Number of protein chains: 2
Amino acid sequence: MVDVRGGDLSRLRQLNSLTAIRELRRAGPLTLSALAERTGLSRPSMKEVTAELMELGWVEEVPPSPGTMGRPARRYRFRADSGYLVGVDIGGHNIRAALSDLDGEILAETRQPVLPDASLEERLSAIERAVSGCLALSRTSVSDLWTIAVGTIGVIDVEGRVIYSAAVPAWRDLDLAGKLREMFPCQVLIENDSRLAAMAESRRGAAKGVRDLVFLHVGRRMGAGLVIDGKVHRGFGAAAGEISMLPESRWFDAPEHLNTCPSVPEDTAPEDAAGWTLAAARAGDPVALAAVERYVDDLAVGTAAMVLILDPQMVVLGGGFSRSSDVLLGPLRERLRRTCMRMPEVLPSTLGDECVVVGAIEYAVDHLDDQLFTPDRGPLPVTR
Amino acid sequence: MVDVRGGDLSRLRQLNSLTAIRELRRAGPLTLSALAERTGLSRPSMKEVTAELMELGWVEEVPPSPGTMGRPARRYRFRADSGYLVGVDIGGHNIRAALSDLDGEILAETRQPVLPDASLEERLSAIERAVSGCLALSRTSVSDLWTIAVGTIGVIDVEGRVIYSAAVPAWRDLDLAGKLREMFPCQVLIENDSRLAAMAESRRGAAKGVRDLVFLHVGRRMGAGLVIDGKVHRGFGAAAGEISMLPESRWFDAPEHLNTCPSVPEDTAPEDAAGWTLAAARAGDPVALAAVERYVDDLAVGTAAMVLILDPQMVVLGGGFSRSSDVLLGPLRERLRRTCMRMPEVLPSTLGDECVVVGAIEYAVDHLDDQLFTPDRGPLPVTR
DNA sequence: CTACTAATGAAGCGCTCCTTCGTAAGTCGA
DNA sequence: TCGACTTACGAAGGAGCGCTTCATTAGTAG
């Protein structure tokens, strides 16, 4: 049941304007006739719509493309640069930020290292530095920001308050959205990092176009993000994907197999042990290979649970360990094939470390789209 | 992003007509002014819309309600009796059927016992008898049937072919939809029974209005149905909810604890053993109680997996064993509370044995709605 | 320089919805 | 029984939006 109420004539115009914007965003600069054909309107009507949209500042004219037969057609494009979005990935060791235009085209990226045990203030000021860096790189000012979307570990409630975070103690019970709203004069969105990563892969990464996706966020901590019917699944209390809490899933302690592999040199820093084991496995070290096997044994149990419950089209392996997906994917596929009723595609992430930032940008774009395309609001005028 | 393309003026009228139909279906007979207020249209326009809908046979006038101030208003209602829907539950031991009008109001129900090892022909003819029974009870003819929706165990592909069915051997690889289309001259829909039951509970049962639901279909076989974001989740290969295939979920063998309880009398039929154990547990038999505990221990593992992965608002316990939910719910809640990050509501089914049939009817109604409310189709004229 | 092509812009038409008005059909109170 | 009141009905006039049509304009090709 499509949730559209009919009504006024102006509603029709509004619908048509939105369709025009959508087409322009999707297909770049278009001529009037092309736009008319795509939207199903006649050219004269389309003309009126574009005139109105130009008036409001959503659309602008670009030079016609020369070298065509006949009179050159005017071309119009969506003014993606009338506002900017920022995506932030708050990780344990790094804070990444990216700035994009309203189309989600990334214009600048920065990274700020932080210590895992950094205080709340240090962490927040690192966020501020990361975002300011993006603004400086892209020569935009904070007043041009429309939305800032943040991905972080832990369970975040609907209002953007951190409910639970095992990894970052300072985060616990923090009103993160509130803090960020004090820092930036724009809309603030908070979401779990694994979910954003899942979204990113389903939009721009390995799972482009896939409507049902399980994203494995594997690294020193284990997480999962679900895309169901093309949308990120949050769950009723925003706690979806927390399968590692279940002992039988064998996810919680799975990374220990890699950390405690006997062939890791003694002087290796604890946070590098897993990486060392994976590298050794790739080089053929039998002890490391055995550790990886044990790790994948465990990883496969929780993964199979998700696959059997959801029957997704695809499973994407992402997160820190996905750099070693060549070592992990084979055994994982083999184990899943044994248990799963219908074997999904199992692919490595193509966005790597960028996945959370990219997902945050996508999340912000989605939010904008929601605002634009929900019934009962006229398009907003744009400041010039 | 709402999936609506603007366009023609007639599209607007169509939208308004559909909104009117929807309101009439939801709120029963309505006066013109009430309808106008609900749809947002003015009364004169509403008048024209209803006139058109009456012309097409979708709507009819009912006598005005007397005893009001002022001139009595004409009232209109959706002609739910211009067509009929049938829902069928193909179980191991019983085939149930129900007939409803286009609103999903159930008008007749029948049940046909079948033996678990009945042949394909016997089973199909039992279906025919069940449906004919409904038609006779409600004095309708098969030509008035618009849709027949069937719920059955096993995995059914998109075209209505049974891919896998552990319980009913004759079902394997059967083109069930094809067979039924030969039997009935109307649309045929096939869906997994647990999913239909989940749908039923989320529409008319314990989970009314709940958008994220895990339905436990527990009985001699274990199944699960998921409602996510208000919609039944099928999965990419229609195999969602098959958690019992995973050994670690401990679902597959869970019923054995009830079947092999030592205090079950030796002369009990195998299919009644579990029921006996549950009854004994309710009466306080300590051996039976211990068996139930072991059963719930196992049931809780797979359930916790689903809850942690999906974070649903509610878990509903349904299926054959749900008659004993007073014995099962307490221990189940206790175990879930221990493992789950956010404890969902856990309630017993309110539809009991009817759940699959009711779900099938709901499924047929939904299908009708989809056809009605998807863009680009004019309302069909109704035979009078 | 002319023929051809393709987009433009203005004019006229039809449909759908809105507002406004006088009229009709009931109930309530004397 | 009759008048006042309440509420809905139905017709008329008007505005907004989109469609079709056609003369005009700005390019390319020969």
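The shown structure was predicted, so the numbers you read here are calculated from the model rather than taken from an experiment. Numbers restart at 1 for each chain; the letters A, B, ... are given by sequence-line order, proteins then strands.
Looking at heavy atoms from C-beta onward, A/L102 lies in side-chain contact with A/F78 at the 4.5 angstrom threshold.
B/E362 pairs with exactly one of B/R195, B/K231, B/R204 by the salt bridge (Lys or Arg N to Asp or Glu O under 4.0 Å) rule, that one being B/R204.
B/M69 has its CE atom 19 Å from the P atom of C/dA25, to the nearest Å. For the pair A/Y76 OH and C/dA7 P, the interatomic distance rounds to 13 Å; values are reported in whole Å. With rounding to whole Å, A/L35 atom CG is found 16 Å from C/dT8 atom C1'. Atoms CG (A/L32) and P (C/dA10) sit 13 Å apart, rounded to a whole Å. Distance CE (B/M46) to P (C/dC18): 10 Å, rounded to an integer number of Å. Distance, A/R75 CZ to C/dT8 C1': 17 Å, rounded to whole Å. Per the geometry, CD belonging to A/E52 stands 14 Å off C1' belonging to D/dG18, to the nearest Å. Whole-Å rounding puts the A/Q14 CD to C/dT16 P distance at 20 Å.
At least one side-chain nitrogen or oxygen of B/K47 sits closer than 4.0 Å to the OP1 or OP2 atom of D/dG10. Under 4.0 angstrom from either OP1 or OP2 of D/dG18 there lies at least one side-chain N or O belonging to A/N16.
Out of C/dT8, C/dC18, D/dT21, the shortest distance to the side chain of B/S42 is found at C/dC18. Distance from the side chain of B/S33 is smallest to D/dA8 among D/dA8, D/dG10, C/dT8. Closest to the side chain of A/L12, out of D/dC9, C/dC18, D/dG18, is D/dG18.
Toward the 5′ end of DNA chain D lies the nearest nucleotide of B/R43, the other residue of the pair A/S45 and B/R43 mapping further downstream. Nearer the 5' end of DNA chain C, as judged by each residue's closest nucleotide, is the contact made by A/A73, out of A/A73 and A/P44. In this structure, A/P72 and A/R13 both approach DNA chain D, and ranking their closest nucleotides by distance from the 5' end singles out A/R13.
With respect to the salt-bridge test (charged N to carboxylate O, under 4.0 angstrom), the residues A/E191 and A/R234 qualify. Salt-bridge check for A/E52 with A/R13: passed, with a basic side-chain N closer than 4.0 Å to an acidic carboxylate O. A salt bridge is defined here as a Lys NZ or Arg NE, NH1 or NH2 lying under 4.0 Å from an Asp or Glu carboxylate O, and B/R25 with B/D369 meets this definition.
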